[in-house]
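Here is the naming used below: chain letters follow the sequence lines, and residue numbers restart at 1 for every chain.
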Amino acid sequence: MKSKKTAKNNSKPTYNFFDDVFEVVRLIPKGRVTSYGAIAKYLGTKMSARMVGWAMNAAHGDKKVPAHRVVNRNGLLTGKHHFSPPSAMEAQLKKEGIKVTKDKIQNFSDRFWDPYLEL
DNA sequence: GGTCTGACCGGCG
DNA sequence: ACGCCGGCCAGAC
């Protein structure tokens with residue numbers, strides 16, 4: 001939605017990817033997680049999963065973007081190290097009802113929320 | 001203005 | 001089964 005960009009090209013034209021990532025992550029249901037590759041695939045660039053993580057880097061400061069709900073393909077909290085306290089990520093996930101052990105999401109397959117399938 | 005890195009993924013050896 | 005390499009996009013030095 002939105003994606004207005006005000007047709008202002010001299011502001012930030014290359015935020016297409018980031019904006020999409022933020023939106024998708026923001027739409028992640030509570031108690032549900034997704035992977036970088038899933039988002040990338042939803043955007044049409046499954047290869048650029050790295051970029052998704054990079055987008056999170058800019059989003060981690062935005063509380064509207066639950067980066068803690070985004071994990072890698074292994075269901076491992078790879079980005080937990082980037083949080084204020086790293087434990088905040090799994091703590092948040094646990095608060096959402098997701099079991100996290102050793103930085104690994106339990107029942108990941110069941111908790112997995114694929115935007116490509118949902119959206 | 002060119003080069004490297006970065007919270008990944010998938011394929012190949 | 002494990003390890004390494006290439007690929008995509010964008011930002012920082």
Show me the protein contacts with nucleotides 3-6 of chain C, counting only N or O atoms at under 3.5 Å.
none

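One interatomic measurement links the two molecules: NE2 of His81(A) to C1' of dC8(B), which rounds to 17 Å at whole-angstrom precision. A straight line from CE of Met56(A) to P of dG6(B) spans 18 Å, rounded to a whole angstrom. Taking atom CG on Leu76(A) and atom P on dC9(B), their separation rounds to 11 Å, with Å as the unit. As rounded to whole Å, 7 Å separates atom P of dC8(B) from atom CG of Asn72(A). If you measure from atom NZ of Lys104(A) to atom P of dA7(B), you get 20 Å, rounded to the nearest angstrom. Distance Phe18(A) CZ to dG6(B) P: 15 Å, rounded to the nearest Å. At whole-Å resolution of the value, CG in Asn57(A) and P in dA10(C) are 15 Å apart. Taking atom CZ of residue Arg73(A) and atom C1' of nucleotide dA7(B), one finds them 16 Å apart after rounding to whole Å.
Tyr116(A) OH: 12 or fewer foreign heavy atoms inside a 6.0 Å radius. Few gaps surround NZ on Lys94(A); more than 12 heavy atoms of other groups in view lie less than 6.0 Å from it.
Taking atom P in both dC8(C) and dG1(B), the straight-line distance is 24 Å, to the nearest Å. Rounded to a whole angstrom, the distance from the C1' atom of dA7(B) to that of dC2(C) is 23 Å. Nucleotides dC5(C) and dC4(B) place their P atoms 16 Å apart, quoted to the nearest Å.
Shown here for Lys104(A) and Leu77(A), the closest heavy-atom pair between the two residues is N-CD1, 4.2 Å.
Ala67(A) comes within 4.0 angstrom of a nucleotide base, judged by non-hydrogen atoms across all strands. Within 4.0 Å of His60(A), counting heavy atoms only, lies at least one base atom of the nucleic acid.
Under the Watson-Crick or G-U wobble criterion, with both distances below 3.5 Å, dA7(B) has no partner in any strand shown. Across all strands shown, nothing is found opposite dG1(B) as a Watson-Crick or G-U wobble partner with both distances under 3.5 Å.
Within residues 35-52 of chain A, the residues that place at least one heavy atom under 4.0 Å from DNA chain C are, in residue-number order, Met47(A), Ser48(A), Arg50(A), Met51(A).
For Arg111(A) (side chain) and Gly31(A) (main-chain N/O), a donor-acceptor pair under 3.5 Å exists by modelled atom type.
Between Met89(A) and the options Lys80(A), Arg69(A), His81(A), a side chain to side chain contact (heavy atoms under 4.5 Å, CB included) holds for only Lys80(A).
The cluster map of Ile, Leu, Val, Met, Phe, Trp and Tyr, joined by side-chain heavy atoms under 4.5 Å apart, puts Ile98(A) and Met56(A) in different clusters. Tyr42(A) and Phe17(A) fall within the same hydrophobic cluster, defined by Ile, Leu, Val, Met, Phe, Trp and Tyr side-chain heavy atoms under 4.5 Å apart, directly or through other members. Side-chain heavy atoms closer than 4.5 Å link hydrophobic residues (I, L, V, M, F, W, Y) into clusters, and following such links, possibly through other members, connects Val100(A) to Phe83(A).
Salt bridge status for Glu96(A) with Arg32(A): absent, with no side-chain N to carboxylate O gap under 4.0 Å.
A heavy-atom distance below 4.5 Å is not found between the side chains of Val65(A) and His60(A).
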